[in-house]
Amino acid sequence: MLIPRSIKHCRTCGGAVRYEIPPDDNRDRAVCTLCHLVHYENPLNVVGTVPAWGDQVLLCRRNIEPRYGLWTLPAGFMELGESTADGAIRETVEEAGAHIELEGLFTVLNVVRVGQLHLYYRARLLDTEFAPGPETIEAGLFREAEIPWSDLAFRTVRATLERYFEDRRKGSFGIHCADIG
Ligand SMILES: [Zn+2]
């Protein structure tokens with residue numbers, strides 16, 4: 001687990017928690033020492049898009065840590081109350097101010113080491129007017145040969161872009177599942 005024993009206080013009563021294996025369970029959980037609430041910790045979903053304009057793909061340069069200054073596809077943590085598609089569109093609007101039409105689900109990437117699942121959709125850009133938000137230094141379009149491969153922010157972005165251009169050359173897009181170490 002990425003950050004073991006990271007919960008210190010009960011989210012209901014504020015009491016101290018203790019990590020222990022509850023009865024009928026098989027792994028350590030944060031259990032409140034006062035009200036005995038068990039706090040379950042589960043993977044977080046990151047949703048994003050591969051926005052395409054002809055043979056170009058939209059990348060954003062990060063204006064925030066981690067990986068400040070490096071390039072990424074628009075993506076971020078899914079919010080409560082939205083679907084994976086809603087979240088992917090929202091992140092693309094927030095980070096790039098891009099207008100898109102969502103296409104198929106493209107990559108499903110387990111990042112077990114950090115307790116995350118990353119989902120990327122293909123998307124069609126409706127125009128090339130971008131209005132990057134505060135999390136983005138600049139947004140731009142890149143052909144395959146122009147992708148800043150050594151300045152990409154995340155391995156899931158690299159994995160998604162590699163598969164995207166591979167499928168593009170083949171002329172058909174599949175859905176790709178992979179484990180990212
Ligand atoms: Zn409690």
With sequence neighbours excluded, what pairs up with [X] under the salt bridge (charged side-chain N to carboxylate O under 4.0 Å, His left out) test?
X      : result
Arg124 : Glu101
Arg163 : none
Asp151 : none
Lys170 : Asp167

- Message: Quick test of your reading: applying salt bridge (charged side-chain N to carboxylate O under 4.0 Å, His left out), list the pairs with at least one residue in residues 172-181, sequence neighbours left out, ordered by first then second residue.
- Response: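 Non-adjacent pairs meeting salt bridge (charged side-chain N to carboxylate O under 4.0 Å, His left out): zero.
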From [X] [atom1] over to [Y] [atom2], what is the distance, rounded to the nearest 0.5 angstrom?
X      : Y      : atom1 : atom2 : value
Asn110 : Cys177 : CG    : SG    : 8.0 Å
Leu105 : His176 : CG    : NE2   : 10.5 Å
Ile100 : Leu125 : CD1   : CG    : 7.5 Å

- Message: Could you see if Tyr164 belongs to whatever hydrophobic cluster contains Leu152? Use Ile, Leu, Val, Met, Phe, Trp, Tyr and a side-chain cutoff under 4.5 Å.
- Response: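 The answer is yes; both residues are in one hydrophobic cluster.
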- Item | ILVMFWY network linking Ile175 to Leu102, side-chain heavy atoms under 4.5 angstrom | yes
Donor-acceptor contacts, no H, no angles, side chain residues 49-60, under 3.5 Å, sequence neighbours left out:
unit_1, atom_1, unit_2, atom_2, d
Thr49, OG1, Thr92, OG1, 2.8
Asp55, OD1, Arg143, NE, 3.3
Asp55, OD2, Arg143, NE, 3.3

- Message: Please determine whether side chain to side chain contact (heavy atoms under 4.5 Å, CB included) holds for the pair Phe165 and Leu161, giving the CA-CA distance in whole Å, both sets of side-chain angles, and the decisive distance to 0.1 Å.
- Response: CA-CA 6 Å; Phe165 288 113; Leu161 287 171; 4.2 Å; yes
- Task: Only counting residues at least two apart or in another chain, list the ones meeting side-chain contact (heavy atoms from CB on, under 4.5 Å) with Pro22.
- Result: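 Pro22 satisfies side-chain contact (heavy atoms from CB on, under 4.5 Å) with Asp25, Arg29, Val31, Val38 only.
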- Trace of the side chain to side chain contact (heavy atoms under 4.5 Å, CB included) decision for Val47 with Phe77: CA-CA 6 Å; Val47 289; Phe77 290 110; over 6 Å; no
May I have the list of side-chain donor-acceptor pairs in residues 131-142 shorter than 3.5 Å, sequence neighbours left out?
unit_1, atom_1, unit_2, atom_2, d
Thr136, OG1, Glu95, O, 2.6
Glu138, OE2, Arg61, NH1, 3.2

- Task: Please report the shortest heavy-atom distance between Cys32 and Cys10, naming the atom on each side.
- Result: SG-CB, 3.5 Å
- Of all heavy-atom pairs between Ala98 and Phe130, which one has the smallest distance, and what is that distance?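 Residues Ala98 and Phe130, closest heavy atoms: CB-CD2, 3.9 Å.
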- Task: Take His118 and Gln116 through the test side chain to side chain donor-acceptor pair (under 3.5 Å) and record every step on the way to the result.
- Result: CA-CA 6 Å; His118 293 215; Gln116 295 178 2; 2.8 Å; yes
Restricting to side chain to side chain donor-acceptor pair (under 3.5 Å), what partner residues turn up for [X], sequence neighbours left out?
X      : result
Arg62  : none
Glu144 : Arg169
Tyr120 : none
Arg11  : none

- Kindly indicate whether the side chain of His39, heavy atoms from C-beta on, has any atom under 4.5 Å from the side chain of Val17.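 A side-chain contact under 4.5 Å exists here.
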- Message: Under a 3.5 Å cutoff, is there a donor and acceptor pairing between the side chains of Thr84 and Tyr121?
- Response: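 Judged by distance alone, the side chains do pair up.
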